[in-house]
Amino acid sequence: MESGDGLIVRVRPRWGRLTAASLRHIARLAAQTGNGTIELTRRANVQIRGVSRQTWPRLRDELIELGLAPAVQDGERRPALLVCPLSGLDERCPALEPVAAELEALLGSAAAVRALSHKFSIVLSGGSQLSGDVAADVHLRLRPLLDGRADIVVAGTAHGGVELGSCRVCDVARVLLRSIEALARMGEGRRMRDVAFGPERRELIAAAGELLAPPSGLAPGWSRPLAGLQVGAQSWVGFAVPFGSASSEAWSVVADVAAEHAPGELRLTPARQVLLPGVVASRVGCALECLQRAGFETEERPGGLELVACSGAPACGSAHGETRRVAREIGALLPLWSGLSVHVSGCEKSCARDGAADVTIVYGKRGAHLGFGTDVAGASAAVALPVSALRANVVSHFADHTAPREQPYGAGPSA
Ligand code: SF4
C-alpha cells in the first residue's frame, strides 16, 4: 500500500504468532528495505513502513523465502484467521490450535472461499474481551472449560454482531463452511454485515441446519491484565507497543529477549501487545528490564487508560494532522479516570480502532472533530474545532460529567 512515507508492506503471521528468528529477520528487512519502522495492526499483523519501489522486490522475495508471505500472487486472498493469543495461557481459554488447524485446512480448500471478499475475517476465541472486541465477519467463540460448545456471531464484534446460535466444538468447521457457502450463493464479494441484519440471515441459519442450536444469549467476555509477568495455565511476560509502532532496533531487542529468556514464541494481540509465553522464572526481571529500556510498556497503564492513534501526519498521506502527540496530550488530562480510552484518527478511515472510545478525535479538512463515547463516524458529525481548542473542551467535558457521555459531543467554536 502507498503511504506518506513510502510503501507499507503488511505481513500476516500465521495465527498472529511469530518466532524470535522470524522477528529478527523482519527487523533486519525493515532496516534494509524500509525506514526501520515496524507496526502492529489491530488484526495482529505486522507492517513494515517506508519501503521504496526499488527495495520492494527484494523485501517480497525474502519474505517468501522465509515463509512469511505466500509465493503465489493471490495466496493472501484467503480469509484472515485471528486466533486469540490467550489460547492455553489463561485458564478460561481452551487450547484453540486444533480448531484453528481445522479451519485453516478448510479455508485453504473450500471452493466457496474464492467468492468471499478479500477482507473477510474470522476470529477464533475462548471468550476473551481482547478478541471479542475485534470487528469480524465471523466470531467462533468456544465456551470455557468442558462445555464442549461454541457460539457463532457474525457481522461485528462478539457483543455487537448477530448471534446465529451455537454448535458442538467438533462441528465448528462444518458450520463455518456451510455459512460461507450460503454467503457465496448470495453473491460474490459479500460480507456478513451485508446479509446478517436482513431477511437473508434466515438463509445463513438454515444452511447450518441440524448442526446449529438457537442462540441462548452470549456470556459476557472475560478480561485480564496482560502486561508484566502474568500467571495462568502457562505464565507469560506481556508488554504493550506504544501506538503499535517501534523501530527495528527495538524489535531486535524483543527477538533477543524471546530467544534468550523464553522458548522463542511471540504472540501478537489485536490490542497491539506482545505476549512471550514460558519466560524462564529466573530471567523474568532481566527480560522486563530489557523490554522497558527498548521503550515498551511492561506495566498496565494507570487506571487502564488506553491511548490509540493511527500513523497520522506526516507518515500517512491521507492524514489531515498529527495524531500520537495529541493522543498523549489528551491522555495526560485524564489521569484520575479509570479505564478511559482516547482515539485520535488522522482521517475518517479509522485505521487504528473499530468502534467507540471515551474520547475520539478525528481530523478533517476543516480541523479536528471531537466526540465523547462515540466512534470516528459519530465524532465526524460534530463541528470542526481548531486543534488548540481540544484540550479545553476535553477538560470541560470531564469536569462536568462523572461518566463518559453516550452521545457525540456536538458543540464548540468552529475552526
Ligand atoms: S486513519 Fe486515515 S490518516 Fe490514519 S492511517 Fe488510516 S488512512 Fe492514514
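If you're wondering where the values come from, they're calculated on a predicted model, not measured in any experiment. In what follows, residues are counted from 1 in the order of the sequence shown. Counting starts at 1 for both ligands and their atoms, following the listed order.
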Ligand-side contact atoms (ligand 1) for residue partner [X], heavy atom cut-off under 4.0 Å:
| X | value |
| --- | --- |
| Ala319 | 3 (S) |
| Ser350 | 1 (S) |
| Cys310 | 1 (S), 3 (S), 4 (Fe), 5 (S) |
| Ser345 | 1 (S) |

Report task. Check each of Arg267, Arg17, Glu104, Arg14 against Val83 using the side chain to side chain contact (heavy atoms under 4.5 Å, CB included) test, and report the only one that passes. Result ->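 Only one option passes, and that is Arg17.
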
Requested in this report: Return yes when at least one N/O/S atom of Cys351 is nearer than 2.8 Å to atom 6 (Fe) of ligand 1, and no when none is.
Outcome: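 Yes, since at least one N, O or S atom of Cys351 sits under 2.8 Å from atom 6 (Fe) of ligand 1.
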
Query - Check: Gly132 main-chain N/O paired with Arg141 side-chain donor or acceptor under 3.5 Å - result: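 Not a single qualifying donor-acceptor pair exists.
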
**Report entry** Asp137 side chain vs Ser121 backbone, donor-acceptor pair below 3.5 Å
**Finding:**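 Checking the backbone N and O of Ser121 against the side chain of Asp137, a donor-acceptor pair under 3.5 Å is found.
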
Query raised in the report: ligand 1 versus Cys316, non-hydrogen atoms closer than 4.0 Å: side chain, backbone, both, neither?
Result: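 It is the side chain that touches ligand 1; the backbone stays farther off.
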
Report task. For atom 2 (Fe) of ligand 1, find the nearest protein heavy atom and state the residue, atom name and distance (0.1 Å precision). Result ->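 Looking at atom 2 (Fe) of ligand 1, the protein heavy atom closest to it is Cys347 SG, 2.3 Å.
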
Query - Lys/Arg cation over aromatic Trp222: Arg224, 6.0 Å, 45° cone - result: no

Requested in this report: Side-chain contact test, heavy atoms from C-beta onward, threshold under 4.5 Å: evaluate it for Cys84 versus Val123 and give yes or no.
Outcome: no

Query - Any Glu65 side-chain heavy atom under 4.5 Å of His25 side chain - result: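 Of all side-chain heavy-atom pairs linking His25 with Glu65, none is under 4.5 Å.
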
